[in-house]
Engineer: 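Have a look at this one before I ask anything.
The model shown is predicted, which means the values in this text are computed figures rather than measured ones.
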Amino acid sequence: MPENHEPPAPALLAGPAAAPAHEDGPTVVALRGEIDLLTAPALAARLDALTARPRPDLVLDLRPTEFIDCAGLGVLCRARNRVLTRGGRLRLVTDSARFLRMLRVTGLAGVFEVGPRLRGPHGAPGRVGPVGPGAYGTGGS
């Protein structure tokens, strides 16, 4: 008997947060919903556009994300590789123990720069200010 399932919520890029916080600052992108086999291609295309320029500075806020599978993890790896190839920086923001465990299990814990919250001057939401080394830690903490 076929099951009646709702389609997964797409990984949406938050509108205003997908713009640079200031001219020389990072681009902060909030990802919402599910990042899986169905939503990964559209998300990859959007992240490709955001990482096309030289020295992209990208912060992906994964806190509103409900689910990430291996296809979603592949999209994050692709974005990381594109950023590094262009001399830029990619940071992930998450407080999800499940996601951090997935990074450890897949051997990617030390590959991504990961932190539990956006950091900025006076804790300004949606903005990431100059961040020193280790401010976001590494995946395994």
Engineer: Could you tell me which residues satisfy side-chain hydrogen bond (donor to acceptor under 3.5 Å, both in side chains) with Thr51, sequence neighbours excluded, listed by chain and number?
Structural biologist: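 Once residues adjacent in sequence are excluded, the partners of Thr51 under the side-chain hydrogen bond (donor to acceptor under 3.5 Å, both in side chains) criterion are Arg82.
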Engineer: Quick check: do Leu108 and Cys77 have side-chain heavy atoms less than 4.5 Å from each other?
Structural biologist: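 Contact flag for Leu108/Cys77 side chains = yes.
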Engineer: If you group Ile, Leu, Val, Met, Phe, Trp and Tyr by side-chain heavy-atom gaps below 4.5 Å, do Val111 and Ile68 land in one group?
Structural biologist: yes
Engineer: State yes or no: do Leu38 and Phe67 share one hydrophobic cluster built from I, L, V, M, F, W and Y residues joined by side-chain heavy-atom distances below 4.5 Å, directly or via other members?
Structural biologist: no
Engineer: Using the side chain to side chain contact (heavy atoms under 4.5 Å, CB included) rule, take Val59 and Thr27 through it: C-alpha gap first, then chi angles, then the decisive distance, then the call.
Structural biologist: CA-CA 6 Å; Val59 176; Thr27 300; over 6 Å; no
Engineer: Do Leu73 and Thr106 have side chains that approach each other closer than 4.5 Å (heavy atoms only, starting at C-beta)?
Structural biologist: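 Touching, per the 4.5 Å side-chain cut-off.
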Engineer: Could Asp61 and Arg117 be called an ion pair, given the rule that one side-chain N must be under 4.0 Å from one carboxylate O?
Structural biologist: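 Salt bridge between Asp61 and Arg117, a charged N being under 4.0 Å from a carboxylate O: no.
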Engineer: Going by heavy atoms in the side chains, are Leu60 and Phe112 under 4.5 Å from each other?
Structural biologist: no
Engineer: Nearest heavy-atom pair of Arg55 and Gly87: which atoms, and what distance?
Structural biologist: CG-O, 3.5 Å
Engineer: For the OG1 atom of Thr65 and the CG atom of Leu62, what is their distance to the nearest 0.5 Å?
Structural biologist: 4.5 Å
Engineer: Quick one: CE on Met102 to OG1 on Thr94, what's the gap to the nearest 0.5 Å?
Structural biologist: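 Here the rounded value is 9.5 Å.
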Engineer: May I ask you to decide if Thr39's main-chain N or O and Asp36's side chain share a donor-acceptor pair within less than 3.5 Å?
Structural biologist: yes
Engineer: Looking at CG of Leu50 and CG of Asp57, how far apart are the two atoms once the value is rounded to the nearest 0.5 Å?
Structural biologist: 12.0 Å
Engineer: Does Glu113 form a side chain to side chain contact (heavy atoms under 4.5 Å, CB included) with Arg89? I'd like the steps, not just the answer.
Structural biologist: CA-CA 9 Å; Glu113 193 174 347; Arg89 184 176 184 195; 2.4 Å; yes
Engineer: Please report the C-alpha distance between Ile35 and Asp69 in whole Å, then the side-chain angles of each, then the deciding distance to 0.1 Å, and finally whether the side chain to side chain contact (heavy atoms under 4.5 Å, CB included) criterion is met.
Structural biologist: CA-CA 7 Å; Ile35 305 173; Asp69 70 5; 5.9 Å; no
